[in-house]
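Numbering of residues begins at 1 and proceeds along the displayed sequence. Order of appearance sets the numbers: ligands from 1, and atoms from 1 within every ligand.
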Amino acid sequence: MSPRIAPVNLYDLSRSTLGELVASWGGSAFYRDLLWSALYRDQVSSLEAIAGLRADLQERLVERTRLGHLAASHQAASSDGHTHKLLLKLEDGQTIETVVMRFKGRATVCLSTQAGCAMGCVFCATGQMGFVRHLTPGEIVGQVLYAVALLRASGESLRNVVLMGMGEPLHNYDGTMEAVDILCDPRGLALGPRFITLSTVGVVPGIRRLADEERPIQLAVSLHAATDAERSALVPAGRKWPLAELMDACREYSARRGKKIFFEWALIAGKNDSVEQAHTLGKLLAGMDAHVNLIPLNPTAGFREAPSTPGQVRAFQDVLASYALPSTVRQRRGIDIDAGCGQLKAQVEKRR
Ligand code: SF4
């Protein structure tokens, strides 16, 4: 008896790969498009619910493929009702976090790209867990489909996607980009690439590869410190890719793609929020098309530092303004539901 081939998760496939699969069964591009539309426009709940397929194709689909829908094993809504945090279960039992944020009619979903993370940022609950594995494109796309269904139930639609959840997206470059291409496919979910933001801890080879490719998404770089010594203490990846190398890659990206780069700075009281450190940052980013997002720290169990005070945040921002460096203080959404990356999973596991 020949070994049974594991059914393919249809959400792992690009439209062209789906076309090749359908063609290998004798189906035309018409059936590829019908199937694609059923997956992403109608968002069917089962393969049997796909209408209009030839009987033999339907049979092959049921036999060889599956719809890798994700199910929530835990969820929490913030007290203001704007943030909805989900712990989604993968088929191998791993759990990942996905956060849906509703803000003035512009809904955003924050996606995970890995189960765990290898980057080990000291302030991050996911970094404190370690790396388990990369997510497949279908597991990344599945998070969006879950969010779309959740929003649809309240008459809302999804606009923004941020790749800022568990994991380092550029460490799972292929899986992440295949998912981005599926999300942006004009015949499917048709999300706008400029409404997709990828956040990296500064994986230089990934930034350079992104600069080479035609994918007009937004890039955010988690900086958190403007000297190598201070940065490496918070972000161990800083030892592998020092600031000079990182800034060089960012300048190249910005010049070649003609895009602004967002720099993320978690403000930690007494660690990286002094006026002197703001001056160092101002000098580091001088001349670059940059925007700084200042995020008062979300304390985690493994990193008991405090967020900067509002006065310190203002003083920091004033220094950046003196370098003509635009900045925004980001709200810490859903702080009452452990909405920082990895915090909900850590809490649920602790309770178990
Ligand atoms: S902040 Fe991002 S890159 Fe750093 S450990 Fe957490 S998930 Fe990984």
Mark up the atoms of ligand 1 that fall under 4.0 Å of a heavy atom belonging to [X], in ascending order.
X: Gly167; answer: 7 (S)
X: Gly120; answer: 5 (S)
X: Cys124; answer: 1 (S), 5 (S), 6 (Fe), 7 (S)

Polar side chain donor-acceptor pair, [X] to [Y], under 3.5 angstrom:
X: Thr136; Y: Asp12; answer: yes
X: Glu213; Y: Tyr173; answer: yes
X: His69; Y: Tyr146; answer: no

Next on the checklist: Counting the benzene-type ring for Trp, do Tyr31 and Trp25 have ring centres under 6.0 Å apart?
Outcome noted: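 Centroid separation for Tyr31 and Trp25: 6.0 Å or greater.
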Next on the checklist: Strictly under 2.8 Å, is atom 4 (Fe) of ligand 1 approached by any N, O or S atom of Cys121?
Outcome noted: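 Coordinating: yes.
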